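Please read the structure below before turning to the comments.
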Amino acid sequence: MGPLKGDRSGGTVRGWCPDAWRPMMAGDGLLVRVKPRLGRLTPAQAVALGEAALAHGSGALDLTRRANLQIRGVSEADWPRLLDRLLASGLVDADATREARRNILVSPAWHPGDDSYRIARELDARLDELPALPGKAGFVIDAGPVPMLSAEPGDFRIERGRDGMLQLRADGRSTGIGLAPGGEVTALIDLTRWFMASGGASAGRMARHSAPLPDWATGTAAPVLAAPLPLPGRHAMGAAYGLPFGRVSAQAFLRLAQVSGVAGLRTTPWRILLAEGAGPIEHDGLSIDPHHSLLRADACPGAPDCPQASVETRTLAARLAPHVSGHLHVSGCAKGCAHPAAADVVVTGREGAYDLSFSACAGSPPRHSGLDAADLFAHFGVA
Ligand code: SF4
């Protein structure tokens with residue numbers, strides 16, 4: 001169990017889905033996760049976050065697959081000062097319990113006053129009505145006319161159905177039930193209560209919870225297929241920037257937030273940052289090239305940042321990516337955190353060496369095993 005409101009004694013809880021109040025110890029220090037409301041930072045908040053990462057972390061920010069931002073490498077002694085800065089910027093809730101519950105992935109295409117905006121804000125305001133859910137449980141609010149988050153994980157979902165109505169869908173079920181306008185958040189809360197009352201805690205996630213849904217949550221409404229994802233470059237909101245491996249230096253993040261005309265930064269689950277209000281500009285470490293080879297590559301932090309890793313990952317992936325056709329995944333171990341699905345070329349660390357497989361997931365039976373970096377460079381023709 002994590003700390004209660006205002007309790008700063010639980011800063012090193014392990015195995016908990018981390019946030020700013022409950023950071024997780026990694027190989028390089030504490031990992032502190034920030035969950036911007038509606039996936040948006042004002043320029044002032046972005047500057048505050050970038051400066052905090054420089055002052056208290058490793059000097060980089062990681063964009064997660066749930067559109068959150070992480071500071072790594074924080075010392076236990078420094079964490080309270082970092083938390084104070086994040087609280088002052090409004091990026092973290094003053095109530096640790098509310099912060100833990102605020103796992104809301106919102107369509108990055110929202111506009112003020114639209115359905116995604118309205119529902120996400122209401123859910124944020126009603127977090128106290130939720131039961132104590134498993135740590136990794138989360139919400140998806142994808143209520144725009146063209147859904148974007150159909151492929152993103154989330155246990156309790158509001159989506160646009162093919163009939164144009166909003167629907168409630170439990171993750172793992174292919175269809176949902178249409179909702180009356182204005183009743184979306186109440187239906188979400190009711191579904192979380194049913195989940196807990198029907199034994200969902202032991203399953204941990206809705207997709208693994210096999211209990212039949214109650215009639216009021218069972219429907220035949222199919223969600224609309226997702227729209228194509230944004231690519232780096234010019235974007236309807238301004239500019240889309242690709243983050244190789246989901247990481248950006250705090251300096252580059254700061255510079256982006258301070259570009260004249262940038263009205264805010266939006267996070268996405270696709271390693272893309274959207275800058276509102278200004279066209280694309282070249283920044284070190286932020287790609288505006290939709291064909292950049294590193295945007296076809298996934299690599300987890302690997303060694304030494306993750307204690308489960310026995311091999312380095314990202315430097316290797318950066319060398320290999322231009323020479324690999326298709327999607328490359330370099331994983332520090334068989335867990336495959338950076339890309340749970342299959343990739344065209346998969347390199348998995350095991351006992352200090354690399355396994356190589358093709359059209360597979362991390363940890364799949366390898367085609368070649370016991371390789372070092374030089375073997376891989378030779379295999380893919382890296383000079
Ligand atoms: S895949 Fe393994 S090494 Fe990489 S981050 Fe996950 S647990 Fe750590």
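Just so we're clear, the structure is a prediction, and the values are computed from it rather than from any experiment.
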Applying salt bridge (charged side-chain N to carboxylate O under 4.0 Å, His left out), can you list everything that pairs with [X], at least two apart in sequence or on another chain?
{"X": "R296", "value": "none"}
{"X": "E122", "value": "R126"}
{"X": "D142", "value": "none"}
{"X": "R169", "value": "E159"}

Set of residues satisfying ring pair (Phe, Tyr, Trp, His ring centres under 6.0 Å) with respect to [X], sequence neighbours excluded:
{"X": "F139", "value": "F156"}
{"X": "Y241", "value": "H283"}
{"X": "W194", "value": "H209"}

For D115, all residues meeting side chain to side chain donor-acceptor pair (under 3.5 Å), sequence neighbours excluded:
R118, R160
For E312, the side chain to side chain donor-acceptor pair (under 3.5 Å) test, sequence neighbours excluded, returns T315
Tell me the salt bridge (charged side-chain N to carboxylate O under 4.0 Å, His left out) pairs involving [range], sequence neighbours left out?
{"range": "residues 273-289", "result": "R40-E276, R266-E276"}
{"range": "residues 196-206", "result": "D155-R205"}
{"range": "residues 365-381", "result": "none"}

Apply the test side chain to side chain contact (heavy atoms under 4.5 Å, CB included) to residues V346 and C361: give CA-CA distance (whole Å), side-chain angles for both, the deciding distance (0.1 Å), then the verdict.
CA-CA 7 Å; V346 182; C361 298; over 6 Å; no
